[in-house]
Amino acid sequence: MKFFVDTADVAEIKELAALGLLDGVTTNPSLVAKAGRDFKGLIAEICEIVPGPVSAEVAATDYEGMLSEGRILAKIAKNVTVKVPLTWDGLKACRALTGDGTMVNVTLCFSANQALLAAKAGATFISPFVGRLDDISLDGSDLLREIRVIYDNYDDLTTQILAASLRTVNHVKEAALIGADVGTVPPGVLKALVKHPLTDKGLEMFLADWKKTGQKIA
Ligand code: G3P
């Protein structure tokens, strides 16, 4: 599973990119508002840090508006992935933008049929929102599972499943077990993946024993 980070915080992106952990970045209008920076400048900077796909979401909701904004965003860098919402106009814009050769991430997916439509519209990525389904007492992982089965049923559906709204380490594990192509994860959750109390305890014991040898490696 590829790892994307779900943030517009450049400092966090730089830190994770330096670890060699990042395959891409996703942003959304809420994350951009939080960053408090000029949108296009921000996307340009992120695209230079991470060579993989960087999602930038349109603000228009009509087809013409999405298409024109998407084309402007696509010009920022080769790795810009235009994010459009899962509406009829969004699907139409998806088809037109992928026709231009631009990567498109269809976002706000909450049903398997929506994911099927996005794939038919030529989406590069489909973003099912796992956490937001959990928020309303549904199971976001079930949606990932259904989409995986549907896409695997048909060779011509090549859209990648980008599991989004992953809020916990268990969400990440579930997405990987199901076979999502990509998981986009907030920096805090990505960092939490490394943690295990037995790792800390074991390391402490090894270091204590190593001290007893009185040796140095370097
Ligand atoms: O970027 C889309 C998605 O990951 C948002 O997550 O936690 O706001 O539902 P969340």
Side-chain angles (χ1 to χ4, degrees), residues 1-13 16-17 21-37 39-40 42-43 45-47 49-50 52-61 66 69-70 73 76 79-87 90-91 93-94 103-112 114-115 118 123-145 147-148 159-176 178 180-193:
M1 184 168 77
K2 288 175 215 152
F3 273 143
F4 288 7
V5 67
D6 197 29
T7 186
D9 182 328
V10 169
E12 293 274 22
I13 294 169
L16 292 165
L21 273 181
L22 286 192
D23 299 300
V25 177
T26 52
T27 67
N28 63 36
S30 311
L31 294 170
V32 172
K34 209 168 141 195
R37 291 203 26 201
F39 182 37
K40 287 184 268 181
L42 176 65
I43 295 298
E45 190 177 346
I46 297 173
C47 284
I49 302 167
V50 179
V54 173
S55 287
E57 190 158 340
V58 296
T61 53
M66 281 191 247
E69 287 184 0
L73 293 172
I76 296 175
N79 51 333
V80 164
T81 302
V82 175
K83 218 169 169 187
V84 299
L86 217 158
T87 59
L91 293 174
C94 171
M103 292 185 284
V104 177
N105 175 0
V106 179
T107 190
L108 290 166
C109 171
F110 293 98
S111 81
Q114 287 181 322
T124 317
F125 300 103
I126 181 69
S127 288
F129 276 32
V130 174
R132 292 194 194 184
L133 283 168
D134 288 3
D135 286 345
I136 58 160
S137 301
L138 294 172
D139 189 342
S141 298
D142 283 348
L143 174 59
L144 289 182
R145 224 171 269 119
I147 301 172
R148 185 72 280 161
T159 299
Q160 295 181 54
I161 303 174
L162 194 170
S165 187
L166 300 179
R167 312 243 184 87
T168 66
V169 292
N170 283 331
H171 277 158
V172 178
K173 182 176 74 176
E174 274 291 298
I178 291 163
D181 302 283
V182 187
T184 191
V185 190
V189 177
L190 199 50
K191 288 177 188 167
L193 294 177

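We count ligands from 1, going down the list as the structure has it; atoms in each ligand are counted the same way. In this chain, residues are counted from 1 in sequence order.
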The side-chain hydrogen bond (donor to acceptor under 3.5 Å, both in side chains) partners of Asp135 (sequence neighbours excluded) come to Arg167

Salt bridge between Asp9 and Arg37, side-chain N to carboxylate O under 4.0 Å? no

Check: Does the side chain of Asn105 come under 3.5 Å of the side chain of Thr81 through a donor N or O and an acceptor N or O?
Finding: no

- Query: Hey, does the side chain of Asn79 reach the backbone of Val54 with a donor-acceptor pair shorter than 3.5 angstrom?
  - Reply: no

Sorted by chain and residue number, the residues with a non-hydrogen atom under 4.0 Å of ligand 1 are Asp6, Asn28, Lys83, Phe129, Arg132, Ala164, Ser165, Arg167

Tell me if a side-chain donor or acceptor on Gln160 pairs with a main-chain N or O of Val182 at a distance below 3.5 Å.
no

Q. Does Glu174 use its side chain to pair, donor to acceptor, with the backbone of Ser141 at less than 3.5 Å?
A. no

